[in-house]
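Keep in mind the model is a prediction, meaning the values are calculated, not measured. Because only heavy atoms are used, hydrogens play no part in the values below, and waters and symmetry mates are left out as well, while side chains stay in.
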Amino acid sequence: MLPLNISSRVIAIILSLLVAGVLTTLALVGPTMSLQQGVLAAGITVAACFLLLYLMFEALIFREINSIYASLENVKRKEFRKMSSKFLFRPEPLKRMRDEIVDMAERKQKEIDELKRLQALRREFLADVSHELKTPIFAAQGFLHTILDDEDVDDFTRQRFLRKAANSLDALDTLVQDLVTISQLEKGVVRMRRQGFDIVALVHDIFEQLELKAAQRSVRLELFPPELPATGIRVLADRNRIRQVLINLIDNAIKYGRENGHVIVSLVESGKSVRVSVRDDGAGIPKQHLNRIFERFYRIDKSRSRDSGGSGLGLAICKHIIEAHKSTIRVQSEIGQGTSLEFKLIKPKTPLAPTAKAVGEEEAEA
């Protein structure tokens, strides 16, 4: 069968005109025919209508079915084509069915690809968490077995090995606690206890806590702008959780920033919110890593990150805490220009100050 490239509407119009022409011709010449001629003409008319209807099915239905099969073959090869949907109503049901099949297959393929991506992330997570757990366990195990297997170990070496084993177990405890925290945050079990507090005072407390660590790398901690309101800047958030976020961000800025550099914590009021940012002047983060730094156990420089300590879950926990506050943590970084992480916190609603008229009335009543 020769392929027809004309539309179904054009074919239907042509067939309608042909059938109408045959019936009109029969109606005109029928009264002048004899019985035998009339029977012959009726037979010819039936045959002509049969051929026209057969052609209609071949052109309109079978062609569309063949097109559906071709589309299914494209689906198998993941060769999806954009379908036009300018009109909600289409008279060609088979063509519409073909489009729906292709669209559905495309959506399913996207879901399958997403499931494969999540499966890969789960495998990567299991590999990372097993490695992170194995490191402190093997370290503590080695120190303890050394002491148990050698009875002649002097007291100084025994104390040193026990101290290292204790440090390894402390690191293991921190890792487990972080895993529990991030699991609870992802499930929504942990509720944010929002209260109004002065974030300027909180930053100063964190600076005092991290002052020794910053001094070890000759890093200067700064608060911007230098002239802040005497009353501080109040925000409405979970103070302990925001403290956890700021400690993690500032600690990372100290560890990965430039030696003899500075870390700037910026607090800028904008409308009903306060923009908080932590910026360092380190080497920066390559672009290919920016979208993954908030993943669990993701490390840009694995050897350097492990040497610096930490569980690899800090930024992931920060992300969940900020999202629980209906905000988003963003990262901006350029190679050689440092890194900045920022988020917004809402300010508490303050009661309206009394107007001058109201104050005058109160004084008059007094």
Side-chain angles (χ1 to χ4, degrees), residues 117 120-121 124-125 128 132 178 181-182 185-186 199 202-203 206-207 209-211 213-226 233 235 237 241-270 273-345:
R117 187 186 70 85
L121 289 177
E124 185 179 352
F125 170 73
D128 288 337
E132 296 291 341
D178 286 345
T181 299
I182 197 170
L185 288 170
E186 289 178 345
I199 193 170
L202 177 62
V203 172
I206 296 173
F207 280 178
Q209 179 180 343
L210 300 177
E211 184 178 3
K213 181 175 291 188
Q216 292 174 351
R217 304 193 73 238
S218 300
V219 174
R220 185 174 59 184
L221 302 177
E222 300 179 8
L223 186 60
F224 179 86
I233 299 177
V235 295
R241 294 296 178 180
I242 297 301
R243 179 187 182 88
Q244 184 179 1
V245 170
L246 289 175
I247 287 177
N248 191 281
L249 296 183
I250 298 173
D251 182 68
N252 284 346
I254 295 172
K255 288 191 296 187
Y256 305 121
R258 180 171 55 87
E259 288 192 23
N260 300 313
H262 58 275
V263 173
I264 300 176
V265 178
S266 176
L267 304 174
V268 179
E269 297 184 77
S270 58
S273 62
V274 177
R275 188 174 72 251
V276 183
S277 67
V278 179
R279 184 170 71 253
D280 64 61
D281 53 359
I285 302 174
K287 291 184 178 180
Q288 65 268 24
H289 298 290
L290 288 178
N291 294 330
R292 300 196 61 187
I293 63 172
F294 296 105
E295 294 179 8
R296 293 170 291 186
F297 296 114
Y298 187 79
R299 302 177 189 269
I300 299 172
D301 186 350
K302 297 183 182 297
S303 59
R304 182 187 175 195
S305 298
R306 288 194 172 93
D307 292 340
S308 301
S311 64
L313 296 171
L315 288 180
I317 293 175
C318 292
K319 176 177 178 289
H320 285 290
I321 291 176
I322 297 303
E323 288 179 350
H325 284 81
K326 308 300 181 183
S327 184
T328 305
I329 186 168
R330 304 179 186 277
V331 57
Q332 296 179 351
S333 182
E334 294 183 8
I335 300 299
Q337 300 295 325
T339 303
S340 175
L341 291 104
E342 67 175 37
F343 56 92
K344 289 184 178 181
L345 296 175

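Annotation: side chain of Phe207 is not in contact with side chain of Val263 (no heavy-atom distance under 4.5 Å). Within the 4.5 Å cutoff, the side chain of Leu267 has no heavy atoms near those of the Phe224 side chain. The shortest distance between side-chain heavy atoms of Ile322 and Ile242 falls below 4.5 Å. The shortest distance between side-chain heavy atoms of Leu315 and Asn252 falls below 4.5 Å. In this structure, Ser340 and Val331 have side chains that are not in contact, with every pair of non-hydrogen atoms separated by 4.5 Å or more. Taking the side chain as every heavy atom from C-beta outward, Leu246 and Val203 approach each other to under 4.5 Å. Inter-residue side-chain proximity for Ile206 and Ile250 is flagged as met; some heavy-atom pair is nearer than 4.5 Å.
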Audit row: Ile264, Val278, side chain to side chain contact (heavy atoms under 4.5 Å, CB included) steps and yes/no: CA-CA 6 Å; Ile264 300 176; Val278 179; over 6 Å; no
Derivation and outcome, salt bridge (charged side-chain N to carboxylate O under 4.0 Å, His left out), residues Lys213 and Glu211: CA-CA 6 Å; Lys213 181 175 291 188; Glu211 184 178 3; over 6 Å; no
Audit row: Thr328, Phe343, side chain to side chain contact (heavy atoms under 4.5 Å, CB included) steps and yes/no: CA-CA 6 Å; Thr328 305; Phe343 56 92; over 6 Å; no
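The structure places CG of Leu290 at 6.0 Å from OG of Ser333, a figure rounded to the nearest 0.5 Å. For the atom pair Ile285 CD1 and Thr339 OG1, the distance stands at 4.0 Å (nearest 0.5 Å). Leu210 contributes atom CG, which lies 7.0 Å from atom CG of Leu221 (distance to the nearest 0.5 angstrom). To the nearest 0.5 angstrom, Glu222 atom CD is 11.5 Å from Ser266 atom OG. Between the OG atom in Ser277 and the CG atom in Leu341 there is a gap of 9.0 Å [rounded to 0.5 Å]. The CD atom of Gln216 sits 11.0 Å away from the CD atom of Glu259 when rounded to the nearest 0.5 Å.
Side-chain N or O atoms of Ser327 include one that pairs as donor or acceptor with a backbone N or O of Lys344 at under 3.5 Å. Arg217 places a side-chain N or O within donor-acceptor distance of the main-chain N or O of Ile254, the cut-off being under 3.5 Å.
Shortest non-hydrogen contact noted between Ile321 and Gln244 is CD1-OE1, 3.6 Å.
Arg292 meets the side chain to side chain donor-acceptor pair (under 3.5 Å) test with Glu124, Glu295; sequence neighbours excluded. Considering only residues two or more places apart in sequence or on other chains, Glu323 meets the side chain to side chain contact (heavy atoms under 4.5 Å, CB included) condition with Lys319, His320. Listed by chain and number, the residues in a side chain to side chain donor-acceptor pair (under 3.5 Å) with Glu269 are Lys347 (sequence neighbours excluded). Scanning for side chain to side chain contact (heavy atoms under 4.5 Å, CB included) contacts around Gln209 gives Arg243, Ile247, with sequence neighbours left out.
Residue pairs meeting the salt bridge (charged side-chain N to carboxylate O under 4.0 Å, His left out) criterion with at least one member in residues 275-285, sequence neighbours excluded, are Arg258-Asp281, Arg275-Glu342. Legend: salt bridge (charged side-chain N to carboxylate O under 4.0 Å, His left out) pairs involving residues 326-335, not counting sequence neighbours: none detected.
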